K.L.:
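The structure that follows is given in the form of structure tokens.
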Amino acid sequence: MYTERISDALREAASGWGVDDVRFRLDRPKEASHGDLASNIALALAARLKRPPRDIAGDLARRLAGIAGVERIEVAGPGFLNFFLEAGAVGGVLHRIVTAGSGYGRNEDGAGRRIMVEFVSANPTGPLHLGHGRQAALGDVIARLLDWSGWDVHREFYFNDAGRQISRLAESVRARYRQLLGHDDPVPEGGYHGEYVVEIAGAFLEREGDRYENDGDEAALEAMRSFAVGVLRDEQKRDLAGFKVHFDEYYSERSLYSDGRVKVTIEALDATGLTYHRDGALWLRTTRFGDQKDRVMVKRDGSPTYFLPDVAYHMNKWERGFHEVVNVQGSDHHGTVDRVRAGLQALGRPAGYPEYVLHQMVTVERGGEEVRFSKRAGSYTTLGELSAEVGADVARYFFLMRRPEAHLTFDLDLALDESDKNPVYKVKYAHARLCRLEKLARERGWDVPDESSAPRADASLLRASAERELTKQLGEFPGFLRRAASGRTPHVVCDYLERTAGLVNSWYQSGHPTRNPGLAALVEDAGLRDARLTLALAARTVLHNGLAVLGIEAPERMVRDE
RNA sequence: GCGCCCGUAGCUCAGCUGGAUAGAGCAUCGGCCUUCUAAGCCGAGGGUCCCAGGUUCGAGUCCUGGCGGGCGUGCCA
């Protein structure tokens with residue numbers, strides 16, 4: 001590829017001057033008059049070589065003058081090198097794209113190594129809300145990006161089926177159960193007030209009858225607990241499936257207690273000599289590893305604090321062979337990051353283990369007003385409702401289009417709008433258009449380039465600026481995917497796709513059969529038509545693959561339901 | 001008090017290791033459908049990139065100090 005060729009030549013030239021570690025850019029300038037590619041290498045070298053950047057640029061321009069695919073090189077501004085490429089060199093990427101097909105954009109950065117993405121990990125105490133939706137979309141797409149980067153990815157959901165919140169859920173179910181039997185038990189302090197608890201109590205009543213009516217013991221509570229957890233977990237799984245999110249494994253916090261891992265972890269931490277007793281509790285010197293203060297690990301009453309199962313769990317991940325772990329969590333959990341890592345470091349794990357992607361919260365707007373939702377108060381906008389309302393594809397896209405650490409305002413009106421305002425439709429529409437183009441060509445009895453025949457098309461015929469701009473954009477897809485994967489930032493893909501769809505539409509309009517028949521894709525000239533249909537095929541491939549990475553359908557035709 | 005994140009157009013937000021005249025969508029205004037789907041395109045207006053210093057040939061981007069907002073800072077999970 002021409003970019004690699006040029007960048008190698010530049011690096012080699014720098015090396016010839018004794019600079020082997022120069023950092024420079026070689027990318028597509030915003031301004032068309034700055035060429036197809038521009039580099040700041042002369043500016044980067046100026047200080048090292050103690051020479052004016054324009055002189056260096058001039059030397060480089062002369063030196064690279066004969067390089068294949070480059071038409072001419074200009075020195076501009078303070079010392080930028082602007083490369084103007086031959087049409088054939090630019091178009092060559094189209095052949096690569098159609099040959100790679102549904103694999104275009106993949107790379108082998110992960111080299112087949114295992115990596116775990118843990119996400120959602122909601123407590124089974126209620127339905128998934130929109131915050132979980134953002135997390136589900138982020139985690140799933142980060143996993144997909146890692147897969148596209150050659151990692152062996154494992155998706156895991158950790159569910160907290162132990163502890164106080166679950167007890168409160170069971171007590172809330174019992175209160176509702178007894179209410180249904182005519183008692184006036186109040187929902188306990190700190191309990192769950194949502195209507196779904198009443199439904200669970202009703203289902204429990206239907207299955208078990210009134211046998212637990214006056215039974216206040218542990219066994220009754222346990223029966224309600226496991227029933228409620230089962231119902232809620234099934235519901236969460238259903239909502240996630242509707243959102244096109246699946247997990248390889250659901251890991252139970254309870255199991256960490258029942259199989260002794262929490263106990264083993266306490267003993268292991270105690271054996272490090274980094275623990276001490278104070279006020280009747282057992283503390284861990286997490287400050288040794290950068291935490292703001294030491295933390296209690298075993299409370300005065302003998303029970304472990306919540307971060308211990310987290311440490312035990314991550315030791316278990318490590319033992320299962322996952323030395324690369326990405327945890328996707330809400331930023332309200334950031335306080336726990338340091339202490340969990342500190343506990344793990346005390347046990348000899350590396351400092352950056354595990355990695356965290358902390359996303360900001362989601363607020364919902366409808367009619368310009370913020371919609372308040374609170375789990376405890378029982379007022380809801382659940383992920384299931386949202387998927388059903390706007391569709392999984394739109395919901396996923398909206399959750400993904402902002403970078404994780406930025407606050408997300410979910411505009412329900414815009415998401416529900418199936419007309420021209422929704423960015424998801426713009427991308428899908430561009431894809432459908434390209435499919436339509438191929439279909440029409442076939443209907444007119446023309447051969448349409450496919451994976452095997454497209455590489456024979458003469459891409460150097462694509463000289464119009466809309467064609468070149470689109471072609472160059474398509475060539476950058478793998479780089480964007482790589483950047484999105486390594487940065488754990490799916491929104492980069494959204495931005496790329498919106499821009500690409502825009503260029504597709506511009507190109508499409510520029511070849512309007514009436515106003516500008518010379519640039520139309522479906523022309524009589526077979527050579528030109530094949531070149532343009534190859535461009536269409538390549539663009540369709542990129543849009544399809546980009547949407548696939550986001551877990552979104554790329555339709556062959558759009559049906560307007562008006 | 002301390003820690004993390006955020007502050008860019010009227011609104012919601014991009015801006016990759018510092019690069020050329022700061023971008024997109026929505027909203028506003030003006031054009032474009034007898035031929036490939038107008039769910040689209042073309043154009044216009046709209047900016048103290050929170051403020052003040054500093055580093056640099058060059059700062060929205062890096063450093064320091066402020067201001068504003070969110071979250072955290074439990075022997076709660």
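Throughout, a chain's letter reflects where its sequence line sits, starting with A, and its residues are numbered from 1. Keep in mind it's a predicted model, so treat the numbers as computed, not measured.
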K.L.:
Would one find a side-chain N or O of A/Arg433 under 4.0 angstrom from OP1 or OP2 of B/A38?
P.N.:
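So the side-chain polar atoms of A/Arg433 do come within 4.0 Å of the phosphate oxygens OP1 or OP2 of B/A38, strictly under.
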K.L.:
Could you tell me which nucleotide pairs with B/G45 by Watson-Crick or G-U wobble geometry, both distances under 3.5 Å, or answer none if nothing does?
P.N.:
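Pairing partner: none.
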K.L.:
Let's see if you can work this out: which of B/A39, B/C16, B/C36 has an atom nearest to the side-chain heavy atoms of A/Ala521?
P.N.:
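So the nucleotide nearest the side chain must be B/C36.
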K.L.:
In plain terms, say whether A/Arg28 and A/Glu476 are close enough for a salt bridge, that is, a side-chain N and a carboxylate O under 4.0 Å apart.
P.N.:
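So A/Arg28 pairs with A/Glu476 through a salt bridge.
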K.L.:
Using OP1 and OP2 only, check whether a side-chain N or O of A/Arg25 sits under 4.0 Å from B/G19.
P.N.:
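Affirmative; the distance criterion is met.
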K.L.:
The side chain of A/Pro513 lies closest to which of these nucleotides: B/C36, B/C41, B/C57?
P.N.:
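Nearest nucleotide to the side chain: B/C36.
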K.L.:
Looking at A/Glu556 and A/Lys439, is there a salt bridge between them, counting it only when a charged N and a carboxylate O are closer than 4.0 Å?
P.N.:
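Looking at A/Glu556 together with A/Lys439, the answer is no, because their closest N to O distance does not fall below 4.0 Å.
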K.L.:
Taking the P atom in each of B/A24 and B/G66, what is the distance between them to the nearest angstrom?
P.N.:
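Between the two P atoms, the distance is 37 Å.
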K.L.:
Looking only at side-chain N and O atoms, does A/Lys426 come under 4.0 Å of OP1 or OP2 in B/C41?
P.N.:
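Yes.
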K.L.:
Measure from CG on A/Asn40 to P on B/U56 and round the result to the nearest Å.
P.N.:
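Whole-Å distance recorded here is 19 Å.
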K.L.:
Which of these nucleotides, B/G19, B/C36, B/A77, is closest to any side-chain atom of A/Arg164?
P.N.:
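Ranking B/G19, B/C36, B/A77 by closest atom to the A/Arg164 side chain puts B/A77 first.
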K.L.:
Is B/A52 paired to anything, Watson-Crick or G-U wobble with both distances less than 3.5 Å, and if yes, which nucleotide?
P.N.:
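By the stated definition (distances under 3.5 Å), B/U64 pairs with B/A52.
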K.L.:
Ignoring hydrogens and angles, are the base of B/G69 and the side chain of A/His407 linked by a donor-acceptor pair under 3.5 Å?
P.N.:
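When only heavy-atom distances are counted, A/His407 does not reach the base of B/G69 through any donor-acceptor pair under 3.5 Å.
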K.L.:
Just to confirm, is there a sub-4.0 Å distance from OP1 or OP2 of B/C4 to any side-chain nitrogen or oxygen of A/Ser331?
P.N.:
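Answer is no, no contact under 4.0 Å.
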K.L.:
Under a 3.5 Å cut-off for both distances, is B/C33 Watson-Crick or wobble paired, and to whom?
P.N.:
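Base-paired to nothing in any strand shown.
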K.L.:
Going by ring centres under 5.5 Å and near-parallel planes (under 30°), is A/Phe80 stacked on B/A20?
P.N.:
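Stacking is present between B/A20 and A/Phe80, given that their ring centres fall under 5.5 Å apart and the planes under 30°.
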K.L.:
Using atom P in both nucleotides, what's the gap between B/A27 and B/U34 to the nearest angstrom?
P.N.:
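After rounding to an integer number of Å, I get 25 Å for this pair.
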K.L.:
Rounded to the nearest Å, what distance is computed from the CE atom of residue A/Met401 to the P atom of nucleotide B/C26?
P.N.:
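Roughly 12 Å, once rounded to whole Å.
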K.L.:
According to a strict under-4.0 Å criterion, is A/Lys30 in side-chain N/O contact with OP1 or OP2 of B/A24?
P.N.:
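No.
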K.L.:
What is the distance, rounded to the nearest whole Å, between atom CZ of A/Arg402 and atom P of B/G70?
P.N.:
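Distance check: A/Arg402 CZ to B/G70 P gives 21 Å.
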K.L.:
Give the rounded distance in Å between these two atoms: OH of A/Tyr158 and C1' of B/A77.
P.N.:
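Checked: the OH to C1' distance equals 10 Å.
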K.L.:
Kindly point out which of B/G3, B/C36, B/G74 is positioned nearest to the side chain of A/His334?
P.N.:
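The nucleotide sitting nearest to the side chain is B/G3.
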K.L.:
Using purine N1 to pyrimidine N3 plus N6-O4 or O6-N4 for Watson-Crick, or N1-O2 and O6-N3 for G-U wobble, each under 3.5 Å, what pairs with B/A38?
P.N.:
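Result: none.
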K.L.:
What's the closest nucleotide to the A/Asn505 side chain, out of B/G74, B/U35, B/C41?
P.N.:
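It is B/C41.
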K.L.:
Inspect the contact between A/Arg300 and A/Asp279 and indicate whether a charged nitrogen and a carboxylate oxygen are less than 4.0 angstrom apart.
P.N.:
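Salt bridge between A/Asp279 and A/Arg300, a charged N being under 4.0 Å from a carboxylate O: no.
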K.L.:
Could you tell me whether the side chain of A/Tyr425 has a donor or acceptor atom within less than 3.5 Å of a complementary atom in the base of B/A39?
P.N.:
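By the distance-only test, no, there is no pair.
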K.L.:
Starting at CD of A/Gln509 and ending at P of B/G43, how long is that distance when rounded to a whole Å?
P.N.:
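Nearest whole value for this atom pair: 12 Å.
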K.L.:
Parallel under 30°, tilted from 30 to 60°, perpendicular over 60°: which one fits the rings of A/His314 and A/Tyr353?
P.N.:
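Rings of A/His314 and A/Tyr353: perpendicular, over 60°.
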K.L.:
Tell me whether A/Arg134 forms a cation-pi arrangement with A/Phe399, defined as NZ or CZ under 6.0 Å from the six-membered ring centre and within 45 degrees of its axis.
P.N.:
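No, a cation-pi geometry is absent between A/Arg134 and A/Phe399.
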K.L.:
Which heavy atom in A/Leu481 sits nearest to a heavy atom in A/Gly105, and how many Å separate them?
P.N.:
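In terms of heavy atoms, the two residues are closest at CD1-O, 3.5 Å.
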K.L.:
What does B/C16 pair with, Watson-Crick or G-U, if both distances are under 3.5 Å?
P.N.:
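Partner of B/C16: none found under 3.5 Å.
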K.L.:
So which nucleotide from B/C32, B/A20, B/G72 ends up closest to the side chain of A/Gln292?
P.N.:
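My answer, after comparing the listed nucleotides, is B/G72.
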K.L.:
Can you measure from CG (A/Leu503) to CD (A/Glu498) and round to the nearest 0.5 angstrom?
P.N.:
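Answer for the CG-CD pair, A/Leu503 versus A/Glu498, is 12.0 Å.
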K.L.:
Whom does B/C26 pair with, Watson-Crick or G-U wobble, provided both distances fall under 3.5 Å?
P.N.:
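In the structure as shown, B/C26 has B/G10 as its Watson-Crick or wobble partner.
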K.L.:
I'd like to check, for A/His491, whether its ring lies over the base of B/A14 with centroids under 5.5 Å apart and a plane angle smaller than 30°.
P.N.:
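Not stacked by the 5.5 Å and 30° rule.
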K.L.:
For B/C2, take OP1 and OP2 only and decide whether either is under 4.0 Å from a side-chain N or O of A/Lys293.
P.N.:
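Answer no for this pair, as no side-chain N or O of A/Lys293 is under 4.0 Å from OP1 or OP2.
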K.L.:
Under 4.0 Å, counting only non-hydrogen atoms across every strand here, what does A/Thr514 touch: a base, just sugar-phosphate, or nothing?
P.N.:
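Base contact - A/Thr514 has a heavy atom under 4.0 Å of at least one base atom.
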K.L.:
Of the nucleotides B/A14, B/G72, B/C36, which one has an atom closest to the side chain of A/Asp332?
P.N.:
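Of the options given, the side chain of A/Asp332 lies nearest B/G72.
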K.L.:
Assess A/Arg529 against A/Trp446: is NZ or CZ under 6.0 Å from the centre of the six-membered ring, and within 45 degrees of the ring's axis?
P.N.:
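Yes, a cation-pi geometry.
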K.L.:
Does OP1 or OP2 of B/C42 have a side-chain N or O of A/Ser506 closer than 4.0 Å?
P.N.:
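So the side chain of A/Ser506 is within the cut-off, an N or O lying under 4.0 Å from OP1 or OP2 of B/C42.
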K.L.:
Among the nucleotides B/C6, B/C36, B/C57, which one has an atom lying closest to any side-chain atom of A/Leu522?
P.N.:
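That would be B/C36.
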K.L.:
If pairing requires Watson-Crick or G-U wobble contacts with both distances under 3.5 Å, which nucleotide is the partner of B/U21?
P.N.:
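Result: none.
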K.L.:
Which whole-number value in Å describes the distance from A/Glu405 CD to B/G3 P?
P.N.:
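Interatomic distance, CD of A/Glu405 to P of B/G3: 20 Å.
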K.L.:
Between P on B/U73 and CZ on A/Arg339, what's the gap in Å once rounded to a whole number?
P.N.:
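Atom CZ in A/Arg339 sits about 7 Å away from atom P in B/U73.
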K.L.:
Which nucleotide, in any strand shown, forms a Watson-Crick or G-U wobble pair with B/G3, with both distances under 3.5 Å?
P.N.:
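Checking every strand shown, B/G3 finds its partner in B/C71, with both distances under 3.5 Å.
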K.L.:
Using the side-chain heavy atoms of A/Trp283, tell me which of these nucleotides is nearest: B/U35, B/C75, B/U12.
P.N.:
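The nucleotide sitting nearest to the side chain is B/C75.
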K.L.:
Could you state the CG-P distance from A/Leu26 to B/G19, rounded to the nearest angstrom?
P.N.:
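Taking atom P of B/G19 as the reference, CG of A/Leu26 is at 15 Å.
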